Amino acid sequence: MRIDLHTHSDRSDGTDEPAELMRVAAEAGLDVVALTDHDTTAGWVEAAEARPDGLRLVRGAELSCESPDGRGGRVSVHILAYLFDPEHPALLTEQTRLRGERRERLTTMVGRMAADGYPVDPETFMAGLPPELPAGRPHLARALVEQGVVDSVNEAFAKLLNNSSRYYIPRADTPVSVALEMIASAGGVCVFAHPFARRRGRIVEPSVIIDLAVEGLAGVEVDHPDHAPEDRAALRALAADLNLVTTGSSDYHGTNKTTPIAAETTAPDMFDRLVAKATATPVLG
Ligand code: AMP
Ligand code: ZN
Ligand code: FE
Ligand code: FE
C-alpha cells in the first residue's frame, strides 16, 4: 500500500488540474492519495469523478492557521484537515474570509514590488487570477518567471518572496485552536502539516504540539521534504509519547515545486488510525 496524504492541484497553488492529479497519482503507483488544496475544497468533485478504479481519494484541505503563541510570538501553522463535511457553515465562512485576505495581501505585495520597479502591476496581476482561487505567493512567483525577473519559482522564493523578504506580508490566518474545533464539528480529523519545516520561517516549540494534542489534533506530518532527519526523529518520538498518528507526504505542487508525487508516504496502519477518527459522511472514494 502506497499512501500520499498531501497534494495540491491548480484549485490552489499546484499546477495539475484535479483530474490530472488523479492520473499522476495512479501512474506513480499510489493506492491512496489525499487532495489537500489550500483553504478550498473546490477540487473534490472533479478529482472524485476522475479517480481511476483502484485509487482511493481522501478529501482534504490544508488550512492556513496561526499559533498566536508558538512560544515567543505568532507562528504560521498549516493544518491538514481530512474527511470533513465541506458544507459546514463556519468552515465556508472562514474559507471565504481567508480567500479575501489572501487577495488583499498579495495585492499589497505586488504593489510594493511595482514601487521598486519590478515589471508587475497589482491590478493586471490580480485580474488574471480567478476570484475564487486561494491566491498565494506561488502564483506571483510564476508571474515573475513569465516576466523574466527570475528563472524559476524556487528562485522567486529564494530572492523575493520568502518570509524574510522585504516584500513578504503575513496574513491574518485562522487561530489553530479555532481550526481544530471547526474541523471536529464538521466531522473531520486534523494533522499538523510540516511542523518542523524550518526553512519556511519560525516553527512552534514542541510544547505547542502537546497543547494541540489535548485540543484534538489527531496526527503530525513527520516525513515531509522540508524536514531534516533529526527533526523527523524528534517528531516521531514526540508523537509516540502523545499517541498521535504520524504521516508522510510529498506536498506535491506539480511544476511549482521539484518534489514528485509519492516522494514520501504514510504507513497503512497510521492511515487506518486516522480514518477511524473521522465521523463525517464524505469518507473515502
Ligand atoms: P502563501 O500561502 O502565499 O503564504 O504561500 C505559501 C506557499 O508557497 C506554500 O504552498 C508553500 O508550499 C509555497 N512555498 C514556500 N516556500 C517555497 C519555495 N521555496 N519554493 C516553492 N514554493 C514555496
Ligand atoms: Zn502550496
Ligand atoms: Fe503547507
Ligand atoms: Fe502543502
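Residue numbers count from 1 along this sequence. Every number for a ligand or one of its atoms is a count from 1 in the order of the listing. Here the structure is a predicted model, which is why all the values come from computation and not from measurement.
The existence of a salt bridge linking R71 and D69 is confirmed by a sub-4.0 Å separation between a basic side-chain nitrogen and an acidic carboxylate oxygen. Between D116 and R166, at least one side-chain nitrogen of the basic residue sits less than 4.0 Å from a carboxylate oxygen of the acidic one, meeting the salt-bridge criterion.
Using modelled atom types and a 3.5 Å distance limit, the side chains of S249 and H224 yield no donor-acceptor pair. With no hydrogens or angles considered, a side-chain donor-acceptor pair links D39 and S64 at under 3.5 Å.
For E20, the CD atom counts as densely surrounded, since its 6.0 Å shell holds more than 12 non-hydrogen atoms of other residues, nucleotides or ligands.
When hydrophobic clusters are built by joining Ile, Leu, Val, Met, Phe, Trp and Tyr residues whose side-chain heavy atoms come closer than 4.5 Å, directly or via intermediates, L242 is grouped together with I203.
For the Zn ion (ligand 2), the neighbouring protein N/O/S atoms at less than 2.8 Å, given as residue and atom, are D13 OD1, D13 OD2, H38 NE2, H253 NE2. Within the protein, the N, O or S atoms lying under 2.8 Å from the Fe ion (ligand 3) are E62 OE2, H78 ND1, H194 NE2.
Here L144 is tied into one hydrophobic group with L106, M109, V110, M113, Y118, V120, F125, M126, L129, L133, L140, V145, V149, V150, V153, F157, L160, L161, Y167, I169, each link being a pair of ILVMFWY side chains closer than 4.5 Å.
With T246 contributing its side chain and R236 its backbone, the two residues share no donor-acceptor pair below 3.5 Å.
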For residues 76-84, dump all side-chain donor-acceptor pairs below 3.5 Å to protein atoms at least two apart in sequence or in another chain.
from, atom 1, to, atom 2, distance (Å)
H78, ND1, E62, OE2, 3.0
H78, ND1, H194, NE2, 3.3
Y82, OH, L5, O, 2.5

